[in-house]
Amino acid sequence: MSDDTRLLDRVEAVFDEGSLVGDAGLLAVGTLAGRLGLEGLIDETVRPPAAGRGSGAKVLTAVCSMLVGGSFFSDADRLRAGSAGSVLGFAPVAPSTLGTFARSFSWGHVRQLDRAQELALGRAWAAGAAPAAEAITVDIDSTLCEVHSDAKHGAAYGHGGRLGYHPLVAARDDTGEIVHSRMRKGSSQRGHVDFAAETLARVRRLAPGAALTLRADAGFFSWDLIDKLDAHGTRFLIAIARNPAVDKAIAAIGDDDWTPIGYTDDGEAQVAQATLTSGRRAAGKPKRTVRLVVRRTRLVGDQAELWPNWRHHAFVTDIDDDELDTKAADTAYRAHARVEQAIKDLKAGGLAHSPSGRFAANAAWLAFAVLAHNIARWTARIGRVHEPRKLTVAATIARRLLNIPARLVNRSGRPTLRLPAKWPWAAQFTAALRHIRNLPQRC
């Protein structure tokens with residue numbers, strides 16, 4: 001045994017220091033929540049039976065717990081250890097209070113949370129997190145929140161054979177913010193048309209002058225959705241599954257109409273376009289004709305024996321060829337894959353578990369997780385934390401800017417956080433805190 005190891009055996013661990021703060025970086029988050037007036041906003045908007053003296057502190061307790069790694073009600077106790085509550089700007093509640101609060105939700109109260117989410121987005125965008133461009137692209141997708149108990153109300157075995165819930169998520173392409181979400185039962189494949197319409201209406205209210213584009217995979221395609229998007233004046237790029245009409249349109253593309261695009265060394269890819277017309281429509285609804293963009297891929301060389309035939313992937317769009325040629329349209333649609341990163345980040349955070357047996361409580365938990373996901377991005381964006389794209393991942397933000405140990409001391413009558421010397425991201429944190437504090441105080 002080395003001498004160093006023997007020294008470690010002499011170290012005594014005693015949990016008795018009341019001035020320590022485990023996640024001092026939450027000072028920036030708490031300051032931003034205060035500047036945006038989130039506690040009062042939630043108090044006024046969300047009123048389930050167990051709200052007691054207000055919902056704001058309870059929701060923000062769940063949100064801040066998620067930001068520093070919590071995924072169960074019991075994890076909220078981390079915010080009550082030592083002097084952790086001194087950097088939050090609100091009094092964190094006990095896990096039992098948080099659990100009782102979430103379990104008191106009905107679906108109507110979940111919809112109140114949806115409204116609070118929209119108001120919070122509006123305040124954050126007004127404070128500096130708004131889209132920089134005049135155009136906004138929104139990606140909608142669904143995901144599986146897997147559970148491992150039959151006691152979870154609403155959980156069911158979906159088409160993948162796994163037990164869980166099946167929520168819908170809409171993300172802003174440029175930042176990964178979640179602009180809308182909706183919890184669904186595990187076996188549900190419905191509701192996406194209304195969800196898309198709600199999402200677009202929300203973004204229109206938040207950014208009235210912006211040009212909107214919606215992207216989605218083939219599971220969301222329907223002519224009813226196309227009609228809704230047209231009614232909202234929203235452009236779209238939506239994948240479509242193979243069917244006889246699509247196959248007929250692809251077969252009509254001439255060999256000379258295919259354009260090569262970049263692909264892997266052991267394969268080749270080409271793109272082309274055609275038109276697709278809807279089949280029989282309901283009375284009073286005319287047939288629709290849309291642009292169909294097709295990408296085909298196949299293996300080459302020695303690997304071609306495994307899959308020598310072309311594989312076709314198609315999507316429809318109302319963006320004409322003058323604005324996006326075939327190659328550019330294909331590139332624009334494939335960027336839809338970025339929504340997977342936003343969902344992965346959401347599920348790696350507070351949505352890692354669905355902690356209650358009640359469906360409405362888990363729907364509220366999804367809303368808490370979305371708010372935590374967004375606040376992490378608002379902190380980085382409004383705080384002007386300019387780092388590589390990976391810093392927009394909540395876990396990276398937490399590791400660099402939030403999970404900072406500190407000691408709270410009184411320095412000439414002023415509360416002061418004594419933070420670690422040589423912290424690698426100290427300059428980023430102090431700059432972000434300065435920018436957030438420069439925001440006007442919302443009364």
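The shown structure was predicted, so the numbers you read here are calculated from the model rather than taken from an experiment. FYI, side chains are in, hydrogens and waters are out, and symmetry mates aren't considered; it's all heavy atoms of this structure.
- For Ser104 (side chain) and Pro48 (main-chain N/O), no donor-acceptor pair under 3.5 Å exists by modelled atom type.
- Of the possible donor and acceptor atoms, one in the side chain of Asp345 sits under 3.5 Å from a partner among the backbone N and O of Ala394.
- Within 6.0 Å of atom CZ in Arg334, more than 12 heavy atoms from other residues, nucleotides or ligands are found, so the atom counts as buried in its surroundings.
- Among Leu119, Val59, Ile375, the one residue that satisfies the side chain to side chain contact (heavy atoms under 4.5 Å, CB included) test with Leu38 is Ile375.
- Using a distance-only test at 3.5 Å, with no hydrogens or angles considered, no donor-acceptor pair links the side chain of Arg358 to the main chain of Ala363.
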Residues 228-236 side chain polar contacts: donor-acceptor under 3.5 Å, at least two apart:
| unit_1 | atom_1 | unit_2 | atom_2 | d |
| --- | --- | --- | --- | --- |
| Arg235 | NH1 | Glu323 | OE1 | 2.7 |
| Arg235 | NH1 | Glu323 | OE2 | 2.5 |
| Arg235 | NH2 | Glu323 | OE2 | 3.3 |

- request: Applying salt bridge (Lys or Arg N to Asp or Glu O under 4.0 Å), run through Arg242 and Asp247 and close with a yes or a no.
  value: CA-CA 6 Å; Arg242 297 285 295 275; Asp247 289 342; 2.4 Å; yes

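- Side-chain contact between Val179 and Thr199 is present, with at least one heavy-atom pair separated by less than 4.5 Å.
- Lys152 places a side-chain N or O within 3.5 Å of a backbone atom of Ser354 that can act as its donor or acceptor partner.
- For the pair Ile404 and Leu417, the minimum side-chain heavy-atom distance is 4.5 Å or more.
- Taking the six-membered ring for Trp and thresholds of 30 and 60 degrees, Trp365 and Phe73 have ring planes more than 60 degrees apart, a perpendicular arrangement.
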message: One pair to check against salt bridge (Lys or Arg N to Asp or Glu O under 4.0 Å): Glu146 and Arg162. What are the steps and the verdict?
response: CA-CA 7 Å; Glu146 194 170 3; Arg162 292 185 292 171; 3.5 Å; yes

Thr137 and Asp174: CA distance, side-chain angles, deciding distance, side chain to side chain contact (heavy atoms under 4.5 Å, CB included) verdict: CA-CA 8 Å; Thr137 298; Asp174 57 335; over 6 Å; no

- request: Begin from the C-alpha positions of Val169 and Asp141 and carry the test side chain to side chain contact (heavy atoms under 4.5 Å, CB included) through to its verdict.
  value: CA-CA 6 Å; Val169 173; Asp141 204 352; 5.7 Å; no

query: Can you list the steps and then say if Asp194 with Arg182 is a salt bridge (Lys or Arg N to Asp or Glu O under 4.0 Å)?
result: CA-CA 11 Å; Asp194 290 340; Arg182 175 68 47 77; over 6 Å; no

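- Side-chain atoms of Thr277 never come within 3.5 Å of backbone atoms of Thr289 as a donor-acceptor pair (strictly under, hydrogens ignored).
- The two residues Asn374 and Glu177 make their nearest non-hydrogen contact at OD1-CA, 3.4 Å.
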task: Kindly determine whether Ile226 and Asp318 satisfy side chain to side chain contact (heavy atoms under 4.5 Å, CB included), including the steps that lead there.
output: CA-CA 9 Å; Ile226 299 299; Asp318 63 342; over 6 Å; no

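- Contact annotation: the side chain of Lys347 approaches that of Thr143 to within less than 4.5 Å [non-hydrogen atoms, C-beta and beyond].
- Judged purely by atom type and a 3.5 angstrom limit, Asp330 has no side-chain atom pairing as donor or acceptor with the backbone of Lys327.
- Scanning all heavy atoms of the two residues, the minimum distance from Ala50 to Thr100 falls at CB-O, 3.8 Å.
- Within the 4.5 Å cutoff, side-chain heavy atoms of Ser222 are placed close to those of His192.
- Environment of CZ in Arg47: sparse, with no more than 12 heavy atoms of neighbouring residues, nucleotides or ligands closer than 6.0 Å.
- Among all heavy-atom pairs drawn from Ile319 and Thr317, the shortest one is N-OG1, 3.1 Å.
- The two residues Arg202 and Gln117 make their nearest non-hydrogen contact at NH1-CB, 4.1 Å.
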query: Between Phe105 and Trp107, is a ring pair (Phe, Tyr, Trp, His ring centres under 6.0 Å) present by the stated rule, with each step listed?
result: CA-CA 7 Å; Phe105 272 69; Trp107 187 251; over 10 Å; no

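- Between Phe315 and the choices Phe221, Tyr333, Phe220, the ring pair (Phe, Tyr, Trp, His ring centres under 6.0 Å) rule is met once, by Tyr333.
- Taking CG of Leu299 as the reference point, atom CZ of Arg311 lies at 5.5 Å (rounded to 0.5 Å).
- Side-chain contact between Pro167 and Cys145 is present, with at least one heavy-atom pair separated by less than 4.5 Å.
- Of all non-hydrogen atoms in Leu214 and Ala196, the two that sit nearest each other are CD1-CB, 4.3 Å.
- At least one donor-acceptor pair closer than 3.5 Å links the side chain of Ser55 to the backbone N or O of Val46.
- Using a distance-only test at 3.5 Å, with no hydrogens or angles considered, a donor-acceptor pair links the side chain of Thr61 to the main chain of Val93.
- Counting heavy atoms from C-beta outward, Thr331 and Ile261 have side chains that stay 4.5 Å or more apart.
- Counting heavy atoms from C-beta outward, Arg400 and Val385 have side chains that stay 4.5 Å or more apart.
- By the 4.5 Å heavy-atom criterion applied to side chains, Leu27 and Arg437 are counted as neighbours.
- Among all heavy-atom pairs drawn from Ile397 and Ala380, the shortest one is CD1-CB, 4.1 Å.
- Geometrically, Arg35 does not engage Trp378 in a cation-pi contact, judged by NZ or CZ lying under 6.0 Å from the ring centre and within 45° of the ring axis.
- Phe359 and His153 have perpendicular rings, their planes meeting at more than 60° on a 0 to 90° scale where under 30° would count as parallel.
- At distances below 3.5 Å, at least one donor-acceptor pair connects side-chain atoms of Arg123 with backbone N or O atoms of Gly37.
- Remark: side-chain polar atoms of Thr45 are not paired, donor with acceptor, to backbone N or O of Ile42 under 3.5 angstrom.
- With salt bridges taken as basic N to acidic carboxylate O contacts below 4.0 Å, none links Asp139 and Arg338.
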message: Checking His313 against Arg295 for the side-chain hydrogen bond (donor to acceptor under 3.5 Å, both in side chains) test, could you report, in this order, the C-alpha distance in whole Å, the side-chain angles of both residues, the deciding distance, and whether it holds?
response: CA-CA 5 Å; His313 312 270; Arg295 175 166 50 95; 5.0 Å; no

task: Show your reasoning for whether salt bridge (Lys or Arg N to Asp or Glu O under 4.0 Å) applies to Asp77 and Arg80.
output: CA-CA 5 Å; Asp77 257 342; Arg80 291 153 51 88; 3.1 Å; yes

